[in-house]
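A short worksheet on the structure shown next.
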Amino acid sequence: MKTIKAQYGFKILLAVILLLNLSSCSEEFTNRPPEDSISLDAYYSSNDQVASATNAMYNRTWFQFHNKFFFAITEVGSGNMYTNSGDVNAMRNFSITGSDPELNNGWQSLWANVAQSNAIINFLAARVGPGVDTAVLNNTIGEAYFMRATAYFYLVRLWGAVPIIENNLDYASAPQINTNRIEDVYEFIRRDYVKAAGLLYPKVRTANYASNVHVSVGSAKAMLAKVYLYLKDYPNAKATAEEVISSGEFKLFGGSLLPSKTFADLFTYGNNNNEESIVAFQWKGDGNYGSASNCNTQFGISNGTISTSNASYGGVFAPSQDILSLYTTGDVRRKETLMLPGDTYPNVKAKIGSGYGPLVVPPADQIGGQNAGSAIKKYCIGIQNGDVTGPTDAWAMMNNNTYVMRYAELLLIHAEAILAGNSSTSDANALNSYNSVRNRAGLPSVASFTFNDLFAERRKELAFEGDYWFDLGRITRSQAISIMSAQNRGDRLNAQYFTPENKDFTLPYPTNDVAKNPKLLEAPVPYTFN
């Protein structure tokens, strides 16, 4: 039987999708024969073959989601980033429509992940040989549950009501599918993370970073704690976060257990899959478009004289004017998040005229990119430089991971779960988690904190990692609108302000998919759980 490969678009909801012939970050991800040359039954005869079934789900299936869409929506939309590039700037003034190409790319990519996960969950167990250990099979299926939950977690927070699809074959003869209620989608996500936690291997993250690539029990429970937080189920968010904290699986880079590391070290190529990484996209250029990360090119500096990009262009995204004043004096996160004129980065190789040298950020009017007067440091690692940056591919994309979740965020989730919607807290456990993140940033401990304090701390810690848009979506709508309407969303010379409406906090369904499935526009229906 020949593998049926994943197709992007809403059509993937209706097709039988098995495994992608793609590669990922760790060397183990590349040791795989072409799918078209073998049968499924012959292929899944060993533990290694089964364990490799999810490899592409750590990068290739996420590429079109991550490449531009993710930042264009979550960072430009939230007011963290500025861009005037026509393909990614619709959320700057809340003008996005269902015909937006990047919106379509993000939607397709998330459904590709759902379809790929469904194929493994529903069909893998029947296609393994007697030499495969049950634990290996269970772990691989657990990874698929994890990825499906993660895709749906993005879908529900971006679009609201979406169809719940557990098996693509169920809809092969009935391609028009209703959306399901938001509360049911969240319950589906919760159940998938619980299933993942019951199937995945337990793990303790060590300095052997190659062993940290795949998700684990702790990864699933950490994401589950985040889901509980979104549901305002504070007792379960607290308890689940504490399970992960108590396990010792993850450590804060630069915290008491890893004092030789720093916040800056988190975003270097050499620290892919470090002890703080709960789950990350695993990029590895393999000669195919869509295998590596474009962040280094799309962030950073490119002005014709000084460039941190390996491509002939760069700086598609820049910091917003609003975020430039976010960090207080002494916060080490500022320099590792934002590049301001005069900043020096000895470890970032830059092209300077006809030569190369360490990066010194030029004056505001010479940074280039979007005329923002600043550039993005996070995920910008500079011109290809041996083992410092790793290789680049033909599209100037690189192999540095991008985080889906870090341990620092789990600590902030724990602190917020203890706060539990109250005006402030001085609880010792909440303070321990909250102050751990602040102290790593070079800031002093506090004796209490409010929700607004924590909300700001999340923005400072996770800027350009795609969370602020979702944070704005979980406070009261009036508060979010007040914050966003006060943001300067222009460049350094032209201040611009835009006020979102209620409808702007969920994305429109892609026009092409509505034409194929008009039920997307009907009222969502309850989902019947088995």
Side-chain angles (χ1 to χ4, degrees), residues 71 75-76 79-85 88 262-271 293-386 388-390 392 396 398 400 402 441-442 459-465 488-495:
F71 302 105
E75 293 298 330
V76 175
N80 275 351
M81 283 184 183
Y82 168 81
T83 184
N84 201 32
S85 182
V88 289
T262 67
F263 181 82
D265 292 330
L266 287 167
F267 302 95
T268 58
Y269 167 73
N271 286 311
S293 170
N294 209 18
C295 284
N296 184 69
T297 294
Q298 297 192 128
F299 301 170
I301 296 170
S302 181
N303 68 1
T305 302
I306 297 177
S307 178
T308 57
S309 171
N310 295 284
S312 60
Y313 72 97
V316 175
F317 297 104
S320 71
Q321 299 304 299
D322 183 73
I323 204 173
L324 297 182
S325 60
L326 178 65
Y327 297 92
T328 57
T329 301
D331 192 328
V332 302
R333 294 172 296 195
R334 198 285 297 164
K335 188 179 176 184
E336 303 307 327
T337 305
L338 308 169
M339 292 195 284
L340 301 182
D343 284 345
T344 60
Y345 298 92
N347 296 323
V348 177
K349 182 180 178 181
K351 184 177 181 181
I352 306 171
S354 60
Y356 296 91
L359 175 63
V360 179
V361 180
D365 62 349
Q366 298 175 32
I367 289 178
Q370 303 297 317
N371 196 30
S374 61
I376 296 167
K377 174 60 180 73
K378 196 175 281 189
Y379 296 131
C380 176
I381 59 177
I383 299 295
Q384 195 277 325
N385 185 19
V388 175
T389 63
T392 62
M398 305 179 83
N400 52 320
T402 42
R459 187 184 186 191
K460 288 182 281 189
E461 179 69 26
L462 302 172
F464 309 145
E465 295 179 54
N488 179 355
R489 289 173 167 250
D491 63 23
R492 70 185 185 89
L493 298 177
N494 302 288

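In this text the structure is predicted, and so the values were computed from the model without any measurement.
Rounding to the nearest 0.5 Å gives a distance of 12.5 Å between CG of L324 and OH of Y82. Rounded to the nearest 0.5 angstrom, N488 CG and Q321 CD are separated by 5.5 Å. Here CZ of F317 is found 7.5 Å from OG of S85. Values are rounded to the nearest 0.5 Å. A distance of 11.5 Å separates CG of N347 from CD1 of I381, quoted to the nearest 0.5 Å. Atom-to-atom distance recorded for E336:CD and Y379:OH is 13.5 Å, nearest 0.5 angstrom. Rounding to the nearest 0.5 Å gives a distance of 10.5 Å between CG of N294 and CG of N310.
For the pairing with E461, the salt bridge (charged side-chain N to carboxylate O under 4.0 Å, His left out) check across R334, K378, R333 returns one residue only, R333.
Shown here for L338 and Y345, the closest heavy-atom pair between the two residues is O-OH, 3.4 Å. The two atoms that bring A364 and P341 nearest to each other are N-CG, 3.6 Å, heavy atoms only. The minimum heavy-atom distance linking G382 with T389 is given by the pair O-CG2, 4.3 Å. Of all non-hydrogen atoms in I376 and M339, the two that sit nearest each other are O-CE, 3.4 Å. Taking all atoms of both residues into account, the shortest heavy-atom contact from A372 to A318 is CB-CB, 3.6 Å. Across N296 and S309, no two heavy atoms sit closer than the pair ND2-CA, 4.1 Å.
Put simply, the side chain of S320 gets close to the backbone of G79: a donor and an acceptor are under 3.5 Å apart. The backbone N or O of G315 sits less than 3.5 Å from a side-chain atom of Q370, completing a donor-acceptor pair. Of the possible donor and acceptor atoms, one in the side chain of K377 sits under 3.5 Å from a partner among the backbone N and O of C380.
Between F299 and F71, the distance separating the two ring centers is shorter than 6.0 angstrom.
For T268 and N271, the side-chain atoms include at least one donor-acceptor pair closer than 3.5 Å. Between the side chains of N80 and E75, at least one donor N or O sits under 3.5 Å from an acceptor N or O.
Taking a 6.0 Å sphere around NZ of K351, one finds it holds 12 or fewer heavy atoms contributed by other residues, nucleotides or ligands.
A cation-pi arrangement is not found for K335 relative to Y327, the charged atom failing to lie both closer than 6.0 Å to the ring centre and inside a 45° cone about the ring normal.
For N303, the side chain to side chain contact (heavy atoms under 4.5 Å, CB included) partners at least two apart in sequence or on another chain are T305, I306, P362, Q366.
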